[in-house]
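Inspection log for the structure reproduced underneath, given as structure tokens.
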Amino acid sequence: MNNSEQIEGRSLAEILKIRREKLQKIKELNFNPYGYEFPKTHSCNDVIDNFDQLENEATVKVAGRLMAIRRMGRASFCHIQDEDGRIQIYFQENKIGKPGYKLFKLLDIGDIIGITGSVFKTRTGEITVAATELKLLAKNLRPIPIVKEKDGNVFDAFTDKEQRYRQRYLDLIVNPSIKEVFKLRSKIIQWTREFLDGYDFLEVETPVLQPIYGGAFAKPFKTFYNVLNRDFYLRIADELYLKRLIIGGFEKVYEISKNFRNEGVDRNHNPEFTSLEFYQTYVDYNYLMDFMEEYFKFMIKKIGKSQFEFGEHIIDFSNPFEKRKMFDLIEEYIGCDVKPLSEDELRSLCEERGIEGKPGYKYGKFIELLFDNFVEHHLIQPTFVIDYPKEISPLAKTKRNGSDKIVERFELYIGGQEFANAFTELNDPTEQRERLEKQSRLRELGDEEAQAMDIDFITAMEYGMPPTGGVGLGIDRVVMLFTNQKSIKDVIFFPQMRT
RNA sequence: GGGCGCAUAGCUCAGUCGGUAGAGCAACGGCCUUUUAAGCCGUGGGUCGCAGGUUCGAUCCCUGCUGCGCUCACCA
């Protein structure tokens, strides 16, 4: 890394040196290259949108980053870019004065400037600000990639993914259209709050730093708390804390939380990701399915369309979401009913189909294995998969009027991917203790992702936890869906990169 | 972690069937007061990701490493 920087630096060095020399010249001309403030009167788009009122009368003040310069002797055109748009600036020596034009000549693409001027339309019809005053607000010392465009064709786009992710600020400057993705991300989170607040949910905060991690199956990030002289973990989920609040008497709570999982990074996984969890007392998973459907209907209404291109698929939210039993789906896609099969029979079935469980896999894991391999990717339109094996759902309540091996749980699949996971929550502390003890045994047998026994949580439940339904929803994936991004890296400003 | 692919100027890319590299944009100098991928003339800029190996000679071939992408595994 250091070596390559030196090599790059050699050719960059000249450019950097020239920029610093310009900085010096600017100072010598008694201009401050780093301004303190600039009271804008309009954004670039404001000027364009209000051209009719602004033309030939008002003085406007606009500010932004210089993105293009076309010098023609004693007059020049530029474009500046602000958060939402661009506008052309016209510099004329006899309008802005000799000192001003001298300063202008020392500008580079990438500088941040403030312009005072009047609004007009050029010969070719482009709305432009004719500068009467130029204020340098921040001198650029490092060249930014130059992207040009004509008739919708982009030339020399800044496309290197590594650099775009590592220097996201450059990506945002040079590829401003990606801002739309992040703006929608922000909206989605805002609308999620609006939706839940509309149902009188309480937004809460629970610990990120946890002495025992739980609520999901995942490997945690571990840290050490010096004062307490013990290990702590970054949360993999906030479930067990939200349930403590339910026990405490709050009836509807939610948290939008960063969770951390010490696992592989790929197109769909970032070690640090955002999820929504919400819990509502006195409802079950049937209620939650309707509620989730309503949530998505709320979102698409906000966005303003009901069909979304997502990779090679079109996801249509206008139809009711399907509800399918996990075992029925497995039967449909592998052509055999696995309900009556024993653990050993399931193991052989998996082997026959060319998939292999890891050592220590049990009944529920084999069911999951079959589902993941043969069913998941078929579930394109929004589908609730319901009734999961108990063994892989230690926090969910046993299915009423059904097999003792099944729990009341659903996952929502869209575009072949899991979006949400929900249960009728187990509220029987005795059973909860047994289930977590079983997990502990698996853990001792080497299953790193088995859940830990959380005695404090069991104790809390022994005080009485009302019947509750709870949902976890992957916010990053929702953003990917609604913005048609193929990689989670494209919906997270600063995705995890190797250092 | 496995497989495949990529890494050449600040950016986007060419190229060398092995003889140490080019273009456009950007930069620098000059001309130009309605341009817009501005134009015209001129100039500079690269130990071709890193480390080894083969070779008279490697940016090119081989091996290893690093990073990124795709994919599989993993992943509730």
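By convention in this document, chain letters (A, B, ...) are assigned in the order of the sequence lines, proteins followed by strands, and residues within each chain are numbered from 1.
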Listed by chain and number, what are the ring-ring contact (aromatic ring centres under 6.0 Å, His included) partners of [X], not counting sequence neighbours?
{"X": "A:Phe327", "result": "none"}
{"X": "A:Phe182", "result": "A:Phe493"}
{"X": "A:Tyr287", "result": "A:Phe291"}

Among residues at least two apart in sequence or on other chains, which ones pass side chain to side chain contact (heavy atoms under 4.5 Å, CB included) with [X]?
{"X": "A:Glu376", "value": "A:Phe371, A:Asp372, A:Tyr413"}
{"X": "A:Lys121", "value": "A:Phe51, A:Ile127"}
{"X": "A:Thr122", "value": "A:Phe77, A:Gln88, A:Phe120, A:Thr124, A:Glu126, A:Thr128"}
{"X": "A:Leu369", "value": "A:Cys350, A:Ile355, A:Tyr361, A:Phe366, A:Asn373"}

Say you pick atom C1' in B:C61 and the same atom in B:A27; how far apart are they, in whole Å?
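My reading of the C1' atoms in B:C61 and B:A27 gives 36 Å.
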
Distances for protein N/O vs nucleotides 3-7 of chain B N/O pairs under 3.5 angstrom?
none

message: Could you work out, with side chain to side chain donor-acceptor pair (under 3.5 Å) as the rule, every residue matching A:Glu425, not counting sequence neighbours?
response: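 Result, side chain to side chain donor-acceptor pair (under 3.5 Å) vs A:Glu425: A:Lys243.
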
>> I'd like to check the side chain to side chain donor-acceptor pair (under 3.5 Å) partners of A:Asn286; sequence neighbours left out, ordered by chain and number.
In response: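 Side chain to side chain donor-acceptor pair (under 3.5 Å) list for A:Asn286, sorted by chain: A:Asp284.
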
Look at all strands and tell whether [X] reaches a base, only sugar-phosphate, or nothing, counting heavy atoms closer than 4.0 Å.
{"X": "A:Ser393", "value": "base"}
{"X": "A:Ala157", "value": "sugar-phosphate"}
{"X": "A:Phe155", "value": "base"}
{"X": "A:Arg498", "value": "sugar-phosphate"}

**Message:** Are A:Lys102 and A:Leu29 packed together at the side-chain level, in the sense that at least one heavy-atom pair is separated by less than 4.5 angstrom?
**Reply:**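 A side-chain contact under 4.5 Å exists here.
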
Hey, what are the protein-to-nucleotides 25-27 of chain B N/O distances that come in under 3.5 Å?
unit_1 : atom_1 : unit_2   : atom_2 : d
B:C25  : O3'    : A:Lys148 : NZ     : 3.1
B:A26  : OP1    : A:Lys148 : NZ     : 3.0

Q. Is there a residue in residues 84-94 of chain A whose heavy atoms reach under 4.0 Å of RNA chain B, and which residues are they?
A.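 Here the set is A:Gln88, A:Tyr90, A:Gln92, A:Asn94.
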
